[in-house]
**Q** 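Take a look at the following structure, please.
So that the names make sense, note that chain A is the first sequence line, chain B the second, and so on, each numbered from 1.
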Amino acid sequence: MPELPEVETTLRGIAPWVCGQRITSIVVRQRQLRYPVPRTLAATLDGTRIESVTRRAKYLLLHTQRGTLILHLGMSGSLRVLDAEVPVQKHDHIDIVLDNGKCLRLRDPRRFGALLWTSADPARHRLLRDLGPEPLSAAFSGEYLCEHARGRRVAVKTYIMDSRIVVGIGNIYANEALFLAGIRPQRAAGRVSLQRYQQLASAIKAVLNQAIAEGGTTLRDFTASDGRPGYFRIRLNVYDRAGEPCPNCGEPISQMRLGQRSTFYCKRCQR
DNA sequence: CCCGATTCCTGTAGGC
DNA sequence: TGCCTACAGGAATCGG
């Protein structure tokens, strides 16, 4: 499931192949994703050049002369650069065919992904306008987290997974960052000290940066079939390790549900 | 505003 | 071996 580091890796992988290319055609085999793919896409984009590719939260933005394609990988989506004639497989829903003979192919078995279009400023789009800061930006800090948490009783794990507070932190990295910061996931967000929020912000930046760095090691092979996500390469301390010994103290890792999400933590190391 | 629950979807794993 | 159920997850949306 692509989290922010996987999306960043995808961005770096596709950018050299698509920037400056013109779109020859768009093939939509499955229109029903998280939102219906607009029917007008092919007509709007035919012949348009892709100027640049950027990322906001887990959205990839393909900026063209006429507007911006907004693409989300959901939880099972992958985007690869292939020769246009490579046969499609199951769940290959969309091809964006380029005039260099390549195509951007979206595969998404669970169809939680999205492909939308805006001719206006993408930052003002409904899906993007209320997003919080990027976790790797200077605007994201322990002070920021502490400030916005005042009076809030929601669990701190749910709080940091709220994209209005900070973007790009999915379940895996939320669990890992809270472990590194020594904070119990179910603690009320408003009852975490500034000092611990500073540790948490550092931990979030550290796990994301590490995963991006590991993801970068797969970039050379990106046009092949396996862009292996970064988190398969980093050592996960607690996620999906219920009952296994805590890497710090040996206590068995606990599992609980928080906001309908599996939550893993060490009862001794996280308070 | 705040918060918890529900919803979309399909592949996989576990129980019997 | 196969059927059935539960679960995984991002994030919008709904109801209290």
**Q** Rounding to a whole Å, what distance do you find between Ile172(A):CD1 and dC7(C):C1'?
**A** 14 Å
**Q** Using a 4.0 Å heavy-atom cut-off, does Arg261(A) contact any base of the nucleic acid, only the sugar-phosphate backbone, or nothing at all?
**A**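 Base contact.
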**Q** Donor-acceptor check, side chain of Thr64(A) to backbone of Arg49(A), threshold 3.5 angstrom: yes or no?
**A** no
**Q** Over how many whole Å does the gap from Met256(A) atom CE to dC7(C) atom P extend?
**A** 15 Å
**Q** Reading DNA chain C from 5' onward, which residue's closest nucleotide shows up sooner: Asn171(A) or Arg126(A)?
**A**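 Result of the comparison: Asn171(A).
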**Q** Provide, to the nearest angstrom, the distance between the CG atom belonging to Asp108(A) and the C1' atom belonging to dG10(C).
**A**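 These atoms are roughly 11 Å apart.
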**Q** So Arg34(A), base contact, sugar-phosphate only, or nothing? Heavy-atom distance under 4.0 Å.
**A** base
**Q** Would you indicate what Tyr59(A) reaches in the nucleic acid, counting non-hydrogen atoms under 4.0 angstrom: base, sugar-phosphate, or nothing?
**A**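 Sugar-phosphate contact only.
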**Q** I would like to know whether Asp83(A) and Lys102(A) meet salt bridge (Lys or Arg N to Asp or Glu O under 4.0 Å); could you show each step before the answer?
**A** CA-CA 4 Å; Asp83(A) 288 326; Lys102(A) 303 281 184 184; 3.0 Å; yes
**Q** Whether Asp130(A) and Arg164(A) form a salt bridge (side-chain N of Lys/Arg under 4.0 Å from carboxylate O of Asp/Glu) is what I want to check.
**A**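 Between Asp130(A) and Arg164(A) there is no salt bridge, as every charged N stays at least 4.0 Å from the carboxylate O atoms.
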**Q** How is Leu127(A) classified with respect to the nucleic acid when contacts are heavy atoms under 4.0 Å: base, sugar-phosphate, or nothing?
**A**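 Here Leu127(A) touches the backbone only, sparing every base.
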**Q** Would you mind reading off the distance between Leu258(A) atom CG and dC7(C) atom C1', rounded to a whole angstrom?
**A** 17 Å
**Q** Measure the distance from CG on Leu131(A) to P on dG10(C) and round it to the nearest whole Å.
**A**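 After rounding, the gap between these two atoms is 15 Å.
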**Q** Closest nucleotide of DNA chain B for Gln260(A) versus for Arg164(A): which of these residues is on the 5' side?
**A**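 That would be Arg164(A).
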**Q** Remember a base hit wins even if backbone is also touched, and classify Ser262(A) as base, sugar-phosphate or nothing at under 4.0 Å, heavy atoms.
**A** sugar-phosphate
**Q** Taking atom C1' of dA11(C) as reference, at what distance in whole Å does atom NE2 of His72(A) sit?
**A** 7 Å
**Q** Are the side chain of Lys157(A) and the backbone of Ala174(A) linked by a donor-acceptor contact shorter than 3.5 Å?
**A**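 Between the backbone of Ala174(A) and the side chain of Lys157(A) there is no qualifying donor-acceptor contact (under 3.5 Å).
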**Q** Arg241(A) side chain to Pro245(A) main-chain N or O, any donor-acceptor pair under 3.5 Å?
**A** no
**Q** Any carboxylate oxygen within less than 4.0 angstrom of a Lys/Arg side-chain nitrogen, looking at Glu8(A) and Arg55(A)?
**A**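 Yes, charged N to carboxylate O under 4.0 Å.
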**Q** What about Arg110(A), does its side chain sit under 3.5 Å from the base of dG10(C) through a donor-acceptor pair?
**A**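 Check fails, no donor-acceptor contact within cut-off.
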**Q** For Gln32(A), is there any backbone N or O sitting under 3.5 Å from a side-chain donor or acceptor partner on Gln30(A)?
**A** yes
**Q** Distance check needed: dC7(C) C1' versus Phe264(A) CZ, whole Å only.
**A** 11 Å
**Q** Going 5' to 3' along DNA chain B, which nucleotides are the first and last within contact of chain A (any atom under 4.0 Å from a heavy atom)?
**A** dC3(B) to dG11(B)
**Q** Using atom CD1 of Ile70(A) as one end and atom P of dA12(C) as the other, report the distance to the nearest whole Å.
**A**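 In whole Å, dA12(C) P lies 12 Å from Ile70(A) CD1.
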